[in-house]
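Every chain is numbered from 1 and lettered A, B, ... according to where its sequence line falls, protein lines coming before strand lines.
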Protein chains: 4
Amino acid sequence: MAEELSFPTGLGTSTPETISLLGQDLAADLMGKVGFGELAFWLVAGRRPTPGEVRVFEAVLVALADHGFTPTAIAARLTYLSAPDSLQGAMAAGLLGGGSRFLGVTEDCGQFLAATLVEAGVERDYDVIALEAVRKAKAAKRFIPGLGHPVHKDEDPRTPVLIRIAEEEGLRGPHLRLFEAIGRVHPEALGRRLPLNGAGVCGAALADLGLPTDLLRGFALLARAAGLLGQIAEERRNPIAMDIYTTVDRNAVYEPRKD
Amino acid sequence: MAEELSFPTGLGTSTPETISLLGQDLAADLMGKVGFGELAFWLVAGRRPTPGEVRVFEAVLVALADHGFTPTAIAARLTYLSAPDSLQGAMAAGLLGGGSRFLGVTEDCGQFLAATLVEAGVERDYDVIALEAVRKAKAAKRFIPGLGHPVHKDEDPRTPVLIRIAEEEGLRGPHLRLFEAIGRVHPEALGRRLPLNGAGVCGAALADLGLPTDLLRGFALLARAAGLLGQIAEERRNPIAMDIYTTVDRNAVYEPRKD
Amino acid sequence: MAEELSFPTGLGTSTPETISLLGQDLAADLMGKVGFGELAFWLVAGRRPTPGEVRVFEAVLVALADHGFTPTAIAARLTYLSAPDSLQGAMAAGLLGGGSRFLGVTEDCGQFLAATLVEAGVERDYDVIALEAVRKAKAAKRFIPGLGHPVHKDEDPRTPVLIRIAEEEGLRGPHLRLFEAIGRVHPEALGRRLPLNGAGVCGAALADLGLPTDLLRGFALLARAAGLLGQIAEERRNPIAMDIYTTVDRNAVYEPRKD
Amino acid sequence: MAEELSFPTGLGTSTPETISLLGQDLAADLMGKVGFGELAFWLVAGRRPTPGEVRVFEAVLVALADHGFTPTAIAARLTYLSAPDSLQGAMAAGLLGGGSRFLGVTEDCGQFLAATLVEAGVERDYDVIALEAVRKAKAAKRFIPGLGHPVHKDEDPRTPVLIRIAEEEGLRGPHLRLFEAIGRVHPEALGRRLPLNGAGVCGAALADLGLPTDLLRGFALLARAAGLLGQIAEERRNPIAMDIYTTVDRNAVYEPRKD
């Protein structure tokens, strides 16, 4: 059947002479003139970020790139051990752990803050908004995304630094301010003090940059792609995956299922 | 069984008070001070790049980030259509196309140039080395990685730009020079003129930065992670995957297998 | 630090002389004596299925194995085109589309039926339970999983066949009966007649087999793994992925983003 | 642009009334009448296997389904820990380890045997062919795929059982016979006795079934999909991934890179 097809895109297209990306001439206007983080922001937001936005955005990517031997890093290394011929498979396996539990906090926190700000309506006192939000979450037995950390029980060192960088660039907006307010008021509602974690503050900062809150996980994944590359490069030089595998395997204990 | 375990790493570790990455204090020394591309280079190379190296490196990442509706971009969009709840799955599916045929040229070209330089021994005339290498490849009926392009049949616009950027930064080294020499001499051996393509010149430039040539595919994957995020963000705003799927499905024709 | 480690499992373990799986001797008791579908059931359920259960279970796997040029099949073929050296990557890319929209109906339907039966309490008339459930879903503007199909608008041919097979094996239990009741009563609540689809009836049948309803998607993925292998084998013999890719690429139209 | 498109397939197609697969009516002719392993064979080979072929084929799938805490099983469990909302991601991560090192032996062995038989020409004495092949591999410092096992140092219990099953079904063909011959003659060439491993004998048996030797890895992946589903089901009931992760993480030791 003869048909008219049309697949629109605002990203990359090419002719025999030129390559365009985002309506720019890739070779003449982007290469050597636009940073990689800057381009990633542009690709998602559809607009070129300011230098201050790039600095905050890249600080977030740097904060999220690698957290040592996380489940995702271990999964990538084990996959590289099994299939060293497929680097893309090891990276993909690592990224697949970027789900609700580990890498998801950034997106969850950004969405929680954005939704709370919408609900707050005309109220402009962040402590009031924060206290109400924490109380509602507690009543519904829901966790507050971005609050608490298994290792950094007093303070996550990334949190004050990212807030300071955003402040320096004039980008400490409502999401970061609300997040800080949650840090101040939550002990009143919860009866104990928890740290504002790094994944959470990254979500707040990305939301203040105007990035779509339902794609924030994507930035965590991009950051993690760099970290996974580092993990795989180290696995190649100084392997540990075989040792992890044999540690698990030699301590396997057969236990018949009972249910 | 009681055992002593030790998993060494030069990447990320943490204590309750600090987070270290590459032996640096992540919050105090890296966030806001190191760019994202710079960190990716550092994670793999184990050393901080110079500003000139960062410029060349990010120009490569920008050049490789998105090439429009490639098989990887289409696979990522189709996966997002099927499983919109799992952004990581769509990105992983896209990266899995980063194999020997499409994204592999960058690594193949870097490795080919590096191996040719080793074989060349004391010979220092790049045109002589290049002509010998092209003749050997032709005799063995092997393709020269980085030579030829389905669309940019005369010149790939990225190639001269990346060479110029490397020259400006004092980083136009032996791999790029050999690649350029291949561009000059191959018509003599092959009987026709082909363009030096963008994926190939990126491999040459990465090799001149001293990055490990068996991990060059990893940088193409990192670049592509940003491009895939852009594709998925566009799919979310302005979807085409359903149209691609139904175009294929409604033109399916049953043809019994004959063999 | 010296530590006692113990990783319990009821699945596979081995000694130099034997390989055990599920507490059985793999070579002596399973190979040649247990079918592949039978083993898959046993691995998840922790008990060996009866011959009748195997027949229903394999009928479900056969029903779900391949649905032609689905988004998952196309994604697998495109990934194989890009990275033919990594068959595992092409299969993984295809499975990653097994999310909420396409392959998810089987699990959604099984869970919906199970939850509805729990809520129904002592009520034993399936038509009464079904009408109540459909009315509640309609009031909440939720879709009923398993109801409706884009192609098979009158009847999905898999549905009556699977019900008959379950009946023949004495395994037409409460989930299937409730599903059939939904098929009878929904026009009264919704004002139009929709078919009971094949993915849904598979979910009902798997739930009647006592399989955990939050893992039903896994069986759809297992079935699809066979289908994807068939798609990739066909792509290797009679490729279409390059044609799909170029069809999309040559009909790309640049459209600047407006927002 | 108006175009005629046509995407041929011998697999699945559908009309509003029927669903076809492999030229059969899915509901009327396949569901309840064809086993799952049988269908998988048919999908790849393009012909329906005999009952004897099904028995050998399913014995292979059963042999390869689960090998306990392999790197792929651990990677799948860690991914499920990180992203429990995406079962497909955990399965995909596990399959991505199905590369050259662990799951690849089945395919490597089948291909090695097939190539050796082609090279052997008119020679019909398997011991002669085998001795020549082992000597050539030794001279080239290449491993013989299927020879040797890290745990089953004397005999892999799967090997004699699969040979017996193939014999019972009249399917002990040239690949299995050559593999057995390698088991007999290799000590003469290598100076020590190694076991014929289970992955290797599976490759030989699949090749004797006439399945394409460059897709044998796909059957190992299909078998492993069932095993991974079992691993994930167990992880859900009786989790160990968090324990694996924290074991690695708390034994991390910072060691600055030296190179």
Apply side-chain contact (heavy atoms from CB on, under 4.5 Å) to residues A/Leu215 and A/Leu211 and explain how you reach the verdict. CA-CA 8 Å; A/Leu215 285 176; A/Leu211 294 164; over 6 Å; no
Counting heavy-atom pairs under 4.5 Å to chain B, which of [options] comes out on top?
options	value
A/Gly37, A/Gly227, A/Gly97, A/Gly35	A/Gly35
A/Asp66, A/Asp154, A/Leu95, A/Leu228	A/Asp66
A/Ala59, A/Ser6, A/Gly32, A/Ser14	A/Gly32
A/Gly46, A/Ala40, A/Gly218, A/Gly99	A/Gly218
A/Ala225, A/Ala220, A/Gly98	A/Gly98
A/Leu229, A/Leu43, A/Ile240	A/Leu229

At a 4.5 Å cut-off on heavy atoms, which part of [X] comes close to chain B: side chain, backbone, both, or neither?
X	result
A/Leu22	neither
A/Arg224	neither
A/Glu169	neither
A/Glu155	backbone
A/Leu26	side chain
A/Ile165	side chain
A/Leu21	side chain
A/Leu103	neither
A/Phe219	both
A/Thr9	both
A/Arg237	side chain
A/Thr159	neither

Under 3.5 Å, side chain of [X] to main-chain N/O of [Y], donor-acceptor pair present?
X	Y	value
A/Thr15	A/Thr18	yes
A/His152	B/Pro16	yes
A/Asp29	A/Gln24	no
A/His67	A/Ala63	yes
A/Lys153	A/Gly148	no

For residues [X] and [Y], determine if any side-chain heavy atom of one lies less than 4.5 Å from a side-chain heavy atom of the other.
X	Y	answer
B/Pro84	B/Arg236	no
A/Leu30	A/Asp25	no
B/Tyr245	B/Arg250	no
B/Val34	B/Arg48	yes

Where along residues 202-209 of chain B does a heavy atom come under 4.5 Å of chain A, listed by residue number?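 So far as heavy atoms go, nothing in residues 202-209 of chain B approaches chain A to under 4.5 Å.
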Report, in residue-number order, which members of residues 85-94 of chain B are under 4.5 Å from chain A by heavy-atom distance.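 Within residues 85-94 of chain B, the residues that come under 4.5 Å of chain A (heavy atoms only) are B/Asp85, B/Leu87, B/Gln88, B/Gly89, B/Met91, B/Ala92.
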Heavy-atom pair of closest approach, residues [X] and [Y]:
X	Y	result
A/Asp156	A/Gly198	OD2-N, 2.8 Å
B/Ala73	B/Gln231	CB-CD, 3.7 Å
B/Ala241	B/Leu78	O-CD2, 3.7 Å
A/Thr213	A/Gly110	CG2-O, 3.9 Å
A/Asn238	A/Arg77	O-NH1, 4.2 Å
B/Ala166	B/Leu176	CB-CD1, 3.5 Å

Taking every heavy-atom pair that is under 4.5 Å apart, which of B/Glu234, B/Glu235, B/Arg217 has the most such pairs with chain A?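 The residue among B/Glu234, B/Glu235, B/Arg217 with the greatest pair count is B/Glu234.
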Option in B/Thr13, B/Val54, B/Val56, B/Val62 with maximal non-hydrogen atom pairs under 4.5 Å from chain A: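 Result: the option with the highest number of such pairs is B/Val62.
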Which atoms of [X] come close to chain A, meaning under 4.5 Å heavy atom to heavy atom: side chain ones, backbone ones, both, or neither?
X	result
B/Phe57	neither
B/Glu38	neither
B/Asp243	both
B/Thr70	neither
B/Leu39	side chain
B/Pro8	both

Whether the A/Ser82 and A/Thr79 side chains hold a donor-acceptor pair (N or O, under 3.5 Å, no angle test) is what I'd like checked.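 Absent: no donor and acceptor within the cut-off.
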To the nearest 0.5 angstrom, please state how far the CG atom of B/Leu196 sits from the CG atom of B/Leu162.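 One gets 11.5 Å once the value is rounded to the nearest 0.5 Å.
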Starting at NZ of B/Lys33, measure out to CD of A/Glu58 and round the result to the nearest 0.5 Å.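 Here the rounded value is 15.5 Å.
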May I have the step-by-step check of side-chain contact (heavy atoms from CB on, under 4.5 Å) for A/Glu53 and A/Arg47, ending in yes or no? CA-CA 11 Å; A/Glu53 288 173 326; A/Arg47 67 176 179 84; 3.0 Å; yes
Test A/Arg172 against A/Arg164 for side-chain contact (heavy atoms from CB on, under 4.5 Å), laying out the working first. CA-CA 8 Å; A/Arg172 189 168 146 251; A/Arg164 178 181 49 71; over 6 Å; no
Any idea how A/Phe69 and B/Phe7 line up, ring-wise: parallel (<30°), tilted (30 to 60°), or perpendicular (>60°)?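 If you compare the ring of A/Phe69 with that of B/Phe7, the planes turn out perpendicular.
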